[in-house]
Structure formats: structure tokens, C-alpha cells
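Bear in mind that the values here come from a model prediction, so they are computed numbers and not experimental data.
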Amino acid sequence: MPHETRQQPVPEPDALGAPRPGRRLDRRAVYWWTTQNVLVVAPVLAALAALALLPDAPSWLWPAFAVLCPLGVGYALLTPWYRYRVHRWEAGDAAVCAASGWFVREWRVVPFTRIQTLDTKRGPLMQLFGLSALTVTTASAAGPVTIAGLDDTLATEMVRDLTERVRALREDGT
């Protein structure tokens with residue numbers, strides 16, 4: 001049976017005509033974030049355990065390790081799934097938007113007429129997982145909008161497509 005790809009429905013635009021961010025990042029982003037977290041948490045926990053094993057170690061190191069170990073492991077393994085559920089993006093007919101945030105949710109909309117540059121970035125871990133980050137830069141004081149965790153091929157196609165759309169708008173004199 002051939003593999004079927006499901007099309008994600010395009011979200012309804014809001015009152016201003018901006019699309020609601022409804023597309024998820026690539027699922028491999030979860031494994032990329034998990035790897036990043038483990039590369040931070042594991043050395044900290046290992047260093048704390050090594051210090052606790054020293055002959056003149058303070059007595060509070062083992063209880064600190066006992067508390068920090070489950071917190072660190074929980075952070076490393078659970079936060080990537082939360083980020084995957086929260087982060088969304090969309091490239092509509094007139095704007096790119098992204099939703100992100102941990103406790104404070106942020107929804108950023110960049111009209112094509114405001115786009116100055118489009119960039120992709122791939123660090124070593126992103127390359128390992130076949131992912132890219134797309135950065136949409138404007139003159140906004142809020143800074144650029146970055147959508148990290150996109151499939152590398154999709155990010156490249158988006159840059160090409162958005163560049164053509166922005167160029168067409170500027171050629172129309174808008």
C-alpha cells in the first residue's frame with residue numbers, strides 16, 4: 001500500500017487577513033531538542049556526581065544530586081514535546097507567521113511587504129537531523145522571526161518561494 005501524505009488544512013485568516021499559524025514543525029525537531037538538552041544536562045549531572053564522590057565533598061551534594069537528577073532528566077525529555085505542541089508556523093498569501101513561547105505565548109506576523117532578508121541556518125546537530133531554521137528579518141524593533149525545526153528541503157523551498165513573492169510585490173510598486 002503506497003504511503004499517503006496528509007495535507008494539513010490551511011487555517012482561517014484572522015480579521016486582519018493574517019493566517020493563523022497552524023503548521024507544525026518537523027517531528028525530528030523533538031529529537032534535535034532532546035539531544036541539545038541531554039548535551040547540557042548530562043555534563044552538569046555528571047560533574048555534580050563526580051564532586052559528590054570526592055573525599056572532602058560537602059554532605060549536601062548527594063541530596064542536591066537526588067533533586068536535580070529527576071528535574072534535569074524531566075527537562076531534557078519532556079520540554080521538547082511541549083515545544084513541538086506549542087510552536088506553529090504558516091506562510092499565507094500575504095504574510096509569514098509563527099507562534100511560540102513557553103509560558104507567554106507569542107504570535108508574530110510578518111507581511112511580505114516588510115521582509116528584508118530570508119536566511120536559513122543549519123548547525124551541526126540540525127544537519128545531523130536534516131533540519132534547518134528559517135529566519136525572516138524585517139526592520140521591526142521586535143527583531144527577526146525564526147522558525148527552527150523545519151525540514152531542510154522545505155526551508156530551502158520556502159526561501160525560494162518567499163523570495164519570489166517578495167520580489168513580485170516590489171516589482172508591482174507596492
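- In this structure, L54 and L51 have side chains that are in contact, with non-hydrogen atoms separated by less than 4.5 Å.
- The hydrophobic clustering, which links ILVMFWY residues whose side-chain heavy atoms are closer than 4.5 Å, places V166 and I147 together.
- The CE atom of M158 sits 10.5 Å away from atom OG1 of T163, with the distance rounded to the nearest 0.5 Å.
- L118 and V159 get closest at one heavy-atom pair: CD1-O, 3.9 Å.
- Atom OG1 of T120 sits about 11.5 Å away from atom CG of L154, to the nearest 0.5 Å.
- Looking only at side-chain heavy atoms (C-beta outward), L53 and W62 come within less than 4.5 Å of each other.
- Heavy atoms only, all atoms of each residue included: R88 and R24 are closest at NH2-NH2, 3.2 Å.
- L48 and Y75 fall within a single hydrophobic cluster, where Ile, Leu, Val, Met, Phe, Trp and Tyr are joined by side-chain heavy atoms under 4.5 Å apart, directly or via other members.
- Taking CG from L128 and CZ from R122, the interatomic distance works out to 10.0 Å, rounded to the nearest 0.5 Å.
- Looking only at side-chain heavy atoms (C-beta outward), R108 and W89 stay at 4.5 Å or farther from each other.
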Would you mind writing out the side-chain donor-acceptor pairs for residues 130-145 within the sub-3.5 Å range, not counting sequence neighbours?
residue, atom, partner, partner atom, Å
S132, OG, D152, OD1, 2.5
T135, OG1, T146, OG1, 3.3
T137, OG1, T117, OG1, 3.2
T138, OG1, S140, N, 3.0
S140, OG, A142, N, 3.0

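- In terms of heavy atoms, H87 sits closest to S100 at CD2-CB, 3.1 Å.
- Residues D26 and L150 are not in side-chain contact: their nearest non-hydrogen atoms beyond the backbone lie 4.5 Å or more apart.
- Heavy atoms only, all atoms of each residue included: A95 and V109 are closest at CB-CG1, 3.8 Å.
- The two residues G101 and V86 have their closest heavy-atom pair at O-CG1, 3.1 Å.
- The aromatic rings of W81 and Y31 sit perpendicular to each other, their planes meeting at more than 60°, with 30° as the lower class boundary.
- Nearest heavy-atom pair, F65 versus L45, reported as atom, atom and distance to 0.1 Å: CE1-O, 3.4 Å.
- In the hydrophobic clustering of ILVMFWY residues, with side-chain heavy atoms under 4.5 Å counting as a link, M126 and L39 come out together.
- The distance from atom CZ of R28 to atom OG1 of T34, rounded to the nearest 0.5 Å, is 14.5 Å.
- In this structure the side chain of W33 reaches within 4.5 angstrom of the side chain of L25, judged on heavy atoms.
- Follow the hydrophobic side-chain contacts under 4.5 Å out from V41 and you never reach V38; the two are in separate clusters.
- Dense packing is recorded around CZ of R83, with more than 12 heavy atoms of other residues, nucleotides or ligands lying under 6.0 Å away.
- Remark: R27 CZ to F129 CZ distance equals 14.0 Å, nearest 0.5 Å.
- In summary, the aromatic rings of W102 and Y82 are positioned with their centroids under 6.0 Å apart.
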(message) Does N37 form a side chain to side chain contact (heavy atoms under 4.5 Å, CB included) with L77? I'd like the steps, not just the answer.
(response) CA-CA 8 Å; N37 290 351; L77 300 179; over 6 Å; no
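- Under the 4.5 Å side-chain criterion, counting only non-hydrogen atoms from C-beta, F112 is in contact with I115.
- Heavy-atom contacts from other residues, nucleotides or ligands closer than 6.0 Å to CZ of R105 number more than 12.
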